[in-house]
Amino acid sequence: QVRLVESGGGSVQDGGSLRLSCIASGNIYGYDCMAWFRQAPGEEREGGAAISTRVGSAYYGDFVKGRLTIAQGTDKNTFYLQMNTLKSEDTAMYYCAVDPGHDCALYGSRWIMTDNFPYWGQGTQVTVSS
């Protein structure tokens, strides 16, 4: 079992920045696929970024356009999402997710499918106002 706890959400103005954090506990191996997704009201959950923790390879969703950066902490249980140049359309609940024991490369471009991730956090709200 894995427990994920997100933090760092909040309200910012257009053009602002936030850094989200996710702390994982439980069966994390150091060679996992960890990811950030978001879901706006009435929309499907979409993949923002993923990282293979063994080699540090990062993958990004189509909407990111260079504004988001995923990174690991110095321990294997923490990862971050740095979000810059935020826009009102980035307003959503942001979730971290993990697929323990699997490299994101296993999925290629299909990493964005939520079914790949058996464990999810409760989410942290990001609100961007103009």
Side-chain angles (χ1 to χ4, degrees):
Q1 292 294 316
V2 175
R3 181 169 181 257
L4 300 170
V5 179
E6 303 99 334
S7 62
S11 297
V12 296
Q13 302 258 329
D14 257 358
S17 298
L18 283 172
R19 189 175 83 150
L20 307 182
S21 301
C22 180
I23 300 176
S25 58
N27 294 333
I28 299 298
Y29 302 104
Y31 49 97
D32 316 285
C33 184
M34 292 182 161
W36 286 97
F37 287 75
R38 71 179 188 184
Q39 187 167 22
E43 302 290 331
E44 290 189 357
R45 197 165 292 191
E46 61 179 341
I51 189 165
S52 296
T53 58
R54 183 176 64 86
V55 296
S57 301
Y59 304 78
Y60 292 96
D62 290 340
F63 71 85
V64 170
K65 293 181 171 59
R67 299 182 300 117
L68 275 58
T69 304
I70 190 169
Q72 298 174 240
T74 53
D75 62 73
K76 64 183 172 79
N77 291 5
T78 306
F79 62 114
Y80 305 96
L81 185 69
Q82 177 67 42
M83 304 191 295
N84 299 324
T85 320
L86 286 163
K87 310 172 185 178
S88 55
E89 52 262 43
D90 294 316
T91 294
M93 187 72 80
Y94 284 71
Y95 298 90
C96 63
V98 65
D99 183 17
H102 294 110
D103 196 301
C104 301
L106 178 70
Y107 305 113
S109 61
R110 294 178 294 110
W111 71 265
I112 59 172
M113 297 179 68
T114 57
D115 288 351
N116 292 329
F117 297 90
Y119 299 105
W120 293 81
Q122 293 298 304
T124 185
Q125 177 68 38
V126 171
T127 303
V128 185
S129 56
S130 55

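These figures come from a predicted structure and were not determined experimentally.
Contact between Ser17 and Thr85 at its shortest, heavy atoms only, is OG-N, 4.3 Å. Scanning both residues, Phe63 and Leu68, for their nearest heavy atoms gives CE1-CD2, 4.2 Å. Listed here is the closest heavy atom pair of Asp14 and Ser130: OD2-CB, 3.5 Å.
Between Phe79 and Trp36, the two ring planes are tilted [angle within 30° to 60°]. Using bins of under 30°, 30° to 60° and over 60° for the plane-to-plane angle, the ring pair Tyr59/Trp111 lands in the tilted bin.
When the shell of 6.0 Å around CD of Gln122 is examined, it contains 12 or fewer heavy atoms from other residues, nucleotides or ligands.
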- [ ] Run the numbers on Asn116 and His102 for side chain to side chain contact (heavy atoms under 4.5 Å, CB included), then give the verdict.
- [x] CA-CA 10 Å; Asn116 292 329; His102 294 110; over 6 Å; no
Discussion item. Show, in sequence, the C-alpha distance, side-chain angles and deciding distance for Met34 and Ile28, and conclude whether the side chain to side chain contact (heavy atoms under 4.5 Å, CB included) test is met.
Written reply: CA-CA 10 Å; Met34 292 182 161; Ile28 299 298; 3.9 Å; yes
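Inspection of the Ser52 and Asp103 side chains reveals an N or O donor paired with an N or O acceptor under 3.5 Å.
Between the CD atom in Glu46 and the CG atom in Asp62 there is a gap of 9.0 Å [rounded to 0.5 Å].
Between the side chain of Glu6 and the backbone N or O of Cys22 there is no donor-acceptor pair closer than 3.5 Å.
Proximity of Pro118 to Asp99: side-chain heavy atoms (C-beta onward) are separated by under 4.5 Å at one or more points.
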